[in-house]
Each structure stands twice: as C-alpha cells, then as structure tokens.
Amino acid sequence: MTEPTVLATFATPSLVAPDHQPAPSSNPLRLGLLASGSGSNVEVIAQAIASGQLNAQIQVVIYNNPTAKVAERAERLGLAKLLLNHREFASRAALDQAIVAALKAHQADWVIMAGWMRIVTQDLIDAFPRRILNIHPSLLPSFPGANAVEQALKSGVKITGCTVHYVELAVDSGPIIIQAAVPILPNDTSEALHQRIQVQEHRIFPLAIALAAQSDAAIYGE
Ligand code: GRF
C-alpha cells in the first residue's frame with residue numbers, strides 16, 4: 001500500500017523545518033491535554049517532545065472518565081494528571097469552567113484535545129482563542145460527531161482518514177490544519193480501520209501542533 005497523502009493547509013517552507021525540528025530559540029509551548037480514552041495520542045505527543053520533534057511541555061493531562069486508560073499512561077509517562085469527571089458537574093459549561101481554571105492553574109497556553117469526547121462550550125473557546133486543537137478520525141467535513149469510523153465504513157467511501165483542526169463551537173468544525181488519508185480495504189472492520197487511522201493520527205498530531213504554534217507566532221508574535 002502506498003503512503004497516504006498528507007495535506008497541510010497552511011504549511012509554508014518557513015513554518016516547518018525539513019526534519020520538523022523546532023526553531024531552537026523559541027520557548028516551549030505549554031500544552032494542556034484533554035483526553036477521554038486510551039491516550040495513545042497523548043503518548044505520541046509526549047514522545048515527540050522527548051525526541052525533540054516538538055518544542056513543548058505537557059503541563060497537565062485532564063481526563064473526564066475515572067476508568068480511562070489515559071490515566072495509567074500519564075502516570076507511566078510521569079505527566080501531571082487531573083480527573084474532572086463530567087458526571088459531577090451540573091452542566092457542560094460548569095465542566096468547561098473547571099477545565100479552564102485547571103488549565104490556567106497549570107499555566108497551559110494551548111489546549112490539545114487528544115480524544116476528548118465531550119462537546120465544548122463557549123467558556124472554553126473564549127479562554128483560549130485560536131489555541132484549541134482537536135483530532136478527529138475522518139476527513140472532515142465528512143463524518144463529524146461520534147462513530148466517525150463506522151460512519152465512513154457504512155457510507156461506502158473508499159478513502160477516509162483523520163483531521164487535526166482548530167476548535168469552534170459546532171462539533172468537529174473549525175479550520176483544518178492537517179489531514180491524512182487512509183484507504184478503506186475490502187472487508188475492513190471498524191477496529192482494523194481505526195487502527196490504521198490511528199497510525200496516521202500519531203504522525204500528524206505533533207506536526208499539526210508545531211504548525212499551529214509557528215503560524216500563531218508568525219501572525220501574533222511570541
Ligand atoms: C482518536 O481516534 C481520535 O481521533 C478520537 O478519539 C480517539 C482517541 O484515541 N477523537 P486515543 O485515546 O488517543 O488512543
């Protein structure tokens with residue numbers, strides 16, 4: 001199988017060095033990660049930081065589900081973690097207000113939704129303008145929302161993939177940063193397809209964070 005196509009919407013030669021090394025003079029990005037599931041994307045972001053591919057540090061991993069595997073992963077990786085169980089909040093806005101307070105307390109400047117399965121509110125969006133990214137397992141705008149992999153399989157499309165995008169209020173909307181395409185194979189299952197999509201998620205997420213940060217710095221200054 002050939003390598004999937006990676007489309008970068010605003011990459012310019014000056015934004016990404018050929019080996020994706022960050023500019024040595026820039027300050028590390030301070031990331032607040034939000035996760036609900038296994039946390040494989042959290043782990044690849046941590047690895048990209050450790051290997052020098054991404055000039056950043058993880059300030060905190062916030063998770064909303066007490067049994068989420070991401071908690072063990074964060075522990076193993078030595079990352080600060082915080083459970084904010086959505087069931088204990090009266091509303092989506094109340095949860096987001098607590099998230100904002102925790103992110104600020106941990107001095108996060110960027111919010112990275114790495115498998116965050118909650119609908120966000122204006123409270124979170126307003127607290128981090130242009131600095132919230134999400135990853136979604138389809139080629140948006142196709143198949144937004146839950147069960148994106150199953151939706152793609154059922155629809156009969158032959159190519160799906162994953163998208164990293166800025167977060168806006170509408171679910172899985174917002175300007176696209178990078179997409180990677182993944183072919184759907186005959187007799188594919190949603191598990192097998194999701195696994196291949198995740199391989200691509202792990203490639204593009206650290207790169208998308210670097211691209212967004214460099215674009216932000218170029219436009220707004222550090
Ligand atoms: C990913 O497929 C992501 O696109 C979706 O949730 C999944 C999270 O995976 N939003 P993981 O927890 O990072 O392994």
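As the structure is a computational prediction, the values presented were derived from the model and not from experiment. Just follow the structure's listing: the first ligand is 1, and inside any ligand the first atom is 1.
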Is Leu139 close to Ile159 at the side-chain level, that is, under 4.5 Å between some pair of heavy atoms?
yes

Measure the distance from atom 1 (C) of ligand 1 to every protein heavy atom, then report the residue, atom name and distance (to 0.1 Å) of the closest one.
Glu201 OE1, 3.2 Å

Identify, by atom number and element, the atoms of ligand 1 in contact range of Ser38, meaning under 4.0 Å from any of its heavy atoms.
11 (P), 12 (O), 14 (O)

What's the spacing between Leu124 CG and Leu95 CG if we round to 0.5 Å?
9.0 Å

One finds that the ligand 1 atoms under 4.0 Å from a non-hydrogen atom of Gly115 are 6 (O), 8 (C), 10 (N)

Hey, does Glu43 sit under 4.0 Å from ligand 1 if you only count heavy atoms?
no

Rounded to the nearest 0.5 Å, what separation is found between the CG atom of Asp172 and the NE2 atom of His136?
4.5 Å

From Ile135, Ile197, Leu33 - option closest to atom 10 (N) of ligand 1 by heavy atom
Ile135

Just heavy atoms, cut-off under 4.0 Å: does Gln198 contact ligand 1 by side chain, backbone, both, or neither?
side chain

Measure from the side-chain N and O atoms of Lys81 to the backbone N and O of Val70, and report whether any donor-acceptor pair falls under 3.5 Å.
no

Can Glu201 and Gln198 be said to form a side chain to side chain donor-acceptor pair (under 3.5 Å), step by step?
CA-CA 5 Å; Glu201 291 186 342; Gln198 286 223 290; 3.1 Å; yes

For ligand 1, is any non-hydrogen atom under 4.0 Å from His136's backbone (N, CA, C, O), its side chain (CB onward), both, or neither?
backbone

Please tell me if the side chains of Leu153 and Ile184 come closer than 4.5 Å, counting only heavy atoms from C-beta onward.
yes

Using non-hydrogen atoms of the residue, decide whether Gly39 is closer than 4.0 angstrom to ligand 1.
yes

Under a 4.0 Å N-O cut-off, is there an ion pair linking Asp188 with Arg196?
yes

For ligand 1, is there an N or O atom under 3.5 Å from any N or O atom of His194?
yes

Spacing of Asn64 atom CG and Ser36 atom OG [to the nearest 0.5 Å]
3.5 Å

Do me a favour and list the nearest non-hydrogen protein atom to atom 14 (O) of ligand 1 with residue, atom name and distance?
Ser40 OG, 2.5 Å

Among protein heavy atoms, which lies nearest atom 5 (C) of ligand 1, and at what distance?
Pro137 CD, 3.9 Å

